[in-house]
Amino acid sequence: MSNSGGGDRSADRGPDRGVARRGLMLVLSSPSGAGKTTISRALLEGDGNLTLSISVTTREKRPSEKDGVDYHFIDRAQFDAMAKAGDLLEHAEVFDNGYGTPRADVERALAAGRDVLFDIDWQGTQQLGEKMRDDLVSVFILPPSTEELERRLHSRAQDSDETVRARMATAADEMSHWREYDYIIVNRDIGESVRQARSILEAERLKRDRQVGLRNFVERLRRPQ
Ligand code: 5GP
């Protein structure tokens, strides 16, 4: 992937004009209501090199959601067809609905040196890990307590009581997967959690192996003027 010639400097530069870098895949997972969506939004704001992977889902749209912004809302037949055609990088059933990551947008972004943020569950994270471990940085977000998780789910007030109950019941299951993640954030304070998530992203961007333009950059630094 690295550029072995010495002449073409632009090839050593990334979209942010620093040393060229391979894009990374930043996954945030948590039980519903732990604050993942708020953290994702904060990360995306003011970070021009991070783009959100917009999943497809067969679930009903919530009143506050927009098609093509929060999800691409599709029906089961479309979902099954995409899965069968290999158009989904990963897919899983969550609360009886299909969720999946469209492959093309992610591959395009990574190839251009952009980082991609994923709000997906542990099943999807496992699948990405099997296929693209070197590009994956995974973060699990835990709520500070069960009471707080329930309170947050109720205060969201977009789901029925029955849905909230179902989500509480599966939260314990989801949290059992914390060991499969690279980083764990306990979301006690949203500002602090956002700072922690930003630090993870910043450090991971600096990993030597991701900075594919380094070899040529250092060679030029060492060349006598
Ligand atoms: P919600 O219905 O609350 O938006 O999401 C339910 C769960 O599905 C969340 O844990 C969310 O992270 C997960 N999810 C959303 N999109 C995807 C996806 O594309 N793939 C997988 N595996 N999980 C997803």
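Fair warning: this is a prediction, and the values are worked out from it, not measured in the lab. The first residue of the sequence shown is numbered 1, and numbering continues consecutively from there. Read the numbers this way: they start at 1 and go in the same order the structure lists the ligands and their atoms.
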Considering [options] one by one, which has a heavy atom nearer to [atom] than any of the others?
| atom | options | value |
| --- | --- | --- |
| atom 19 (O) of ligand 1 | Pro31, Ser53, Ser55 | Ser55 |
| atom 12 (O) of ligand 1 | Leu153, Asp119, Thr170 | Asp119 |
| atom 3 (O) of ligand 1 | His91, Arg167, Arg59, His72 | Arg167 |
| atom 22 (N) of ligand 1 | Thr57, Asp121, Thr101 | Asp121 |

Ligand 1 atoms in contact with [X] (distance to a heavy atom under 4.0 Å):
| X | answer |
| --- | --- |
| Ala92 | 22 (N) |
| Val94 | 7 (C), 8 (O) |
| Gly124 | 22 (N) |

Exercise. For Asp121 and Ser29, test the side chains for any donor-to-acceptor distance below 3.5 angstrom and give the result as yes or no.
Key: no
Is the closest basic N to carboxylate O distance between [X] and [Y] below 4.0 Å?
| X | Y | answer |
| --- | --- | --- |
| Asp209 | Arg21 | no |
| Arg152 | Glu148 | yes |
| Glu93 | Arg76 | yes |
| Asp87 | Arg103 | no |
| Arg22 | Asp135 | yes |

Could you find the nearest protein heavy atom to [atom] and give me its residue, atom name and distance?
| atom | answer |
| --- | --- |
| atom 4 (O) of ligand 1 | Tyr71 OH, 2.5 Å |
| atom 20 (N) of ligand 1 | Glu90 OE2, 2.7 Å |
| atom 6 (C) of ligand 1 | Tyr99 OH, 3.6 Å |

Practice problem: Inspect the surroundings of CG in Asp96 and state if more than 12 heavy atoms from other residues, nucleotides or ligands are less than 6.0 Å away. | Solution: no
Exercise. For the pair His177 and Trp122, name the ring-plane relationship: parallel under 30°, tilted 30 to 60°, perpendicular over 60°.
Key: parallel
Quiz prompt | Region of Glu93 engaging ligand 1 - heavy atom pairs below 4.0 Å | solution = neither
Self-check item: Glu204 side chain to Leu201 backbone, donor-acceptor under 3.5 Å
Solution: no
Quiz item: Is the backbone of Leu89 close enough, under 3.5 Å, to the side chain of Lys131 for a donor and an acceptor to pair up by distance?
Solution: yes
Quiz item: Is Gln123 near ligand 1, meaning one of its heavy atoms is under 4.0 Å from it?
Solution: no
Self-check item: Phe118 touching ligand 1 at heavy-atom level, < 4.0 angstrom
Solution: no
[X] to ligand 1: N or O pair under 3.5 Å?
| X | value |
| --- | --- |
| Phe95 | no |
| Glu65 | no |
| Lys36 | yes |

